[in-house]
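First up is the structure itself, then whatever we jot down about it.
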Amino acid sequence: MQHDALAIVPELMLIATALVLLLIDPMLPPEGRRGLSWLGIFSCITAAISVWLSRDEQFTTFNHGIALDKFAVFFMILLLGVAGLAMLLSEKHLNLRRRLLGDYYALILLATVGMMVMASAIDLATFFVGLELMALSSYLLAGFFRYDEPSVEAALKYFLTGSFASAFLLLGMTLLYGLTGSTNFKEIGDAINGGGVAGGVLVVAIVLLIGGFAFKVAAAPFHSWAPDVYQGAPTPAAAFLTVGPKIAAFAAIIKFFSIILAGEHTTWVPLLIIISLATMLVGATLALLQRNLKRMLAYSSIAHVGYLLLAVIAGGQKTGSFGYSAILFYLAAYAVMNMGAFGVLVYMANSAKGFRDTLDDVTGIGRRYPWAAGIMTVFMLSLAGIPPTAGFLAKFYLFAAVVDSGYAWLAVIGVLFSVVSAYYYLRVIVYMYMRESEAVLEPTGEGSWDLNLGLGLAVAGVILIGILPSQILGAAQDAMVKLLGF
Amino acid sequence: MTPLQHYLALSVALFCIGAWGVLARRNIIVVVMCLELMLNAVNVALVAFSNYSQVIPGRGEVFVFFVLGVAAAEVAVGLSIGIAMYRLRERLKVDELDEMKG
C-alpha cells in the first residue's frame, strides 16, 4: 500500500511539469517562452532517471491496476526518450510559426503520461484511462497550428476516427469483463484459459479488440486516417504522433494478446495474418505514389506496423519464442529512425523558405544542405533496412522470430514487401544527390542548436543500435521474461 | 428480475445507432453526440454485467465512472477542435474535410 504513490512518481513529475507549463506560459513574454521546452526535457530526463532507479522492482499497485516491472520500465524509458526528442525538434519550428506556447509541451507530457500508463496498466479501467489521455492529447497536438486549415483538418479526422475506434475497443473490453467478471488482465486470462467462457461472445470481443487496435496503430483496412493526419499535423508533432502512440499501442497489444488471449491464438492469429498482409501491401505500394514526404513517411509507418504485426503473430503462435521481444527491439529502432526522418523535414522547413515537404523541394539539397542530406540518407537507409543501421538488425530479428514460429512464408512475403519499400526510401536519396532542381529555395539562415542536438542524438541512436544492439536486445528479452515468466 | 439479455440488447442497439450516426451523419456536432451515445451504450452494458456478476460485484460500476469522465473530456476536445474548424471555414460538415488526399 505504501508503494501506491511511489510507483507513479515519474508520471506525477510529468503531470506536475505540464501544469507548471500551463500556469507560467501566459505570464511570460513571447521571447521568454523559448526556455519552456527545456523545462519539459528536464522533466523527461528526471522521470527517466527515476524509472531507471526502480528498474529491478517488480510489484503491482493501485488495487492491481498498475504493474511496475521490466516490461513497463523498458517502454517508459523508450517513451520518455521519444517525448524528449520530440521537444528538442519542436522549439524552433513553433517559434518561426509564432506558435511557441507552453501548451504544446504540456500536451506532449500528458500524452506521454497516458502512454506510460498504457504500458504499465494491468487493469482494463486503468488501461482505458491511459489510452484516452494519450489519444485526447494527440488530437490536440495534431491541430496545434489552429490557424492552418490542414492542421485543424488533421485534428478533426484524428479525433473522429480515434474516438470511434476507442468506442469499439471499450465495447470489446466490456465484453471481456462480462464474460469473466474481472477487469484484471491476469484474472481475465485465467478465466478464459480455465474454460467455461461463451465462445461466440469471446470471438466477438476479440474481433472488436483487434479492430480497435488496428485503428489505433493504423493497420489496413483502418489506416486511411494516418496519411492525412501526419501530413496535416505540424511536422514536429507528426514526428511524435507517428512514434509515441504506436509504441504505447504495441505495448498494449503485447499485453492483451500474451496475457489475456494467449490461449485463444487459434482465433486471432488468422485474423492478424490477413490484417498484416493487407497492411504491408498498402504501406509498400501506396507510398510509391506519394510526392509529399510526410505522406510517404506516413505510408512507410503503415508498412512498419505490418512487420510488427507479423511479430505479434510469431509471439502468439509459439509460446516462449522471441516474437514479442523482437517487437520491443523494433520499436526502439523505429522510434529513432522515424523521428529522425521527420526531424530532417523540420530542419529543412526551418532553414529553407517555402519548403513544402515534397520530393521536388529536396531535389538537389545534397549540395546546398550537405549535413541535412547526409543525415536524411542515414535515416532512409535505416528505414529501408540496410546494414549497419538499426533498421537492418530490427528487421533481421523480427523476421527471424517469424521464421522460428513456423511462418516462414509470411517472413518471405514481409521481406519482399520491404524490398519494394526500399525503392521509395532510396528514391529520396537519389533526388537529394543525383538531381538538380531549377527552383532553388532561399535559405532563411535560421539555425537552432536544440534541433541539431536532437538530430545528432537520433543519428547516434540509429548507428549505435545498429552496431551494438546487445544492450537493448537483452533488455527487451528480459522485459518479456519478466512479463510472461519464461 | 429482468434477464441480462434485455439490458445487453438495449446496449447493443444504442451502440449500433451511435455507430451508424458517426458513419452517416455529416454535421460534426451530431457526430460527436453519436460518439457519446456509443460510450454510454457501453456504460449500460457495464452496469448490467456488474449487477449480474457473481465474482466481484461493483467492478463494472467503477469502470463506468472512468468512462463517464473520459467521455466528458472527449466532448470538450471534440467541440474545441470543431470550434477551431468553424472559425476557419464557417461550416461544420464532415464531408468537406478534403483538403488532403492521395
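Residue numbers begin at 1 in each chain, while the letters A, B, ... track the order of the sequences.
- Neither the backbone nor the side chain of B:Tyr52 comes within contact range of chain A; no heavy atoms are under 4.5 Å apart.
- Separating the CG atom in A:Asn184 from the CZ atom in B:Arg59 is a distance of 6.5 Å, to the nearest 0.5 Å.
- In plain terms, the two heavy atoms of B:Leu35 and A:Phe164 that are nearest each other are CD2-N, 3.6 Å.
- A:Leu171 is not listed as a side-chain neighbour of B:Val12, based on a closest heavy-atom distance of 4.5 Å or more.
- In summary, the aromatic rings of B:Phe66 and A:Phe127 are positioned with their centroids too far apart to meet the 6.0 Å limit.
- When heavy atoms are compared at a cutoff of 4.5 Å, A:Leu289 does not approach chain B at all.
- For B:Leu23, the part lying under 4.5 angstrom from a heavy atom of chain A is the side chain only.
- Contacts of A:Asp148 with chain B are made by backbone atoms alone, with heavy-atom separations under 4.5 Å and no side-chain atom involved.
- Among A:Ser224, A:Ala135, A:Pro150, A:Gly143, the residue making the largest number of heavy-atom pairs under 4.5 Å with chain B is A:Pro150.
- The main-chain N or O of B:Val77 is never found under 3.5 Å from a side-chain atom of A:Tyr139 such that the two would form a donor-acceptor pair.
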*Could you walk me through whether A:Leu131 and B:Val70 pass side chain to side chain contact (heavy atoms under 4.5 Å, CB included), step by step?*
CA-CA 10 Å; A:Leu131 173 80; B:Val70 163; over 6 Å; no
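- Within a 6.0 Å radius of CZ in A:Arg427, other residues, nucleotides and ligands contribute more than 12 heavy atoms.
- Interface remark: B:Ala48 contributes no atoms to any contact with chain A (heavy atom separation under 4.5 Å).
- In terms of heavy-atom proximity, B:Ser50 sits nearest to A:Tyr177 at CA-OH, 3.3 Å.
- By number of non-hydrogen pairs under 4.5 angstrom with chain B, the leading residue of A:Val129, A:Leu170, A:Asp123 is A:Leu170.
- Of the atoms belonging to A:Leu133, not a single heavy atom falls under 4.5 Å from chain B.
- Options B:Gly69, B:Gly78, B:Ala45 differ in how many heavy-atom pairs under 4.5 Å they form with chain A, and the most are formed by B:Gly78.
- Here the CE atom belonging to A:Met173 is positioned 9.0 Å from the CG atom belonging to B:Leu46, to the nearest 0.5 angstrom.
- Heavy-atom minimum distance, B:Glu74 versus A:Leu136: CA-CD2, 3.8 Å.
- Across every non-hydrogen atom of A:Ala167 and B:Val42, the tightest pair is O-CG2, 4.4 Å.
- The structure places CD of A:Glu149 at 4.0 Å from CZ of B:Arg89, a figure rounded to the nearest 0.5 Å.
- Options A:Ala191, A:Ala154, A:Ser163 differ in how many heavy-atom pairs under 4.5 Å they form with chain B, and the most are formed by A:Ser163.
- Within the 4.5 Å cutoff, no side-chain heavy atoms of B:Tyr86 are placed close to those of A:Val152.
- The line from CZ of A:Phe128 to CG of B:Leu39 is 6.0 Å long, rounded to the nearest 0.5 Å.
- For B:Leu8, no part lies under 4.5 angstrom from a heavy atom of chain A.
- Heavy atoms closer than 4.5 Å to chain A are found in the side chain of B:Val32, but not in its backbone.
- In this structure, A:Thr174 OG1 and B:Phe49 CZ are separated by 7.5 Å, a value rounded to the nearest 0.5 Å.
- Note that CZ of A:Arg146 and CD1 of B:Ile83 are 10.5 Å apart. Values are rounded to the nearest 0.5 Å.
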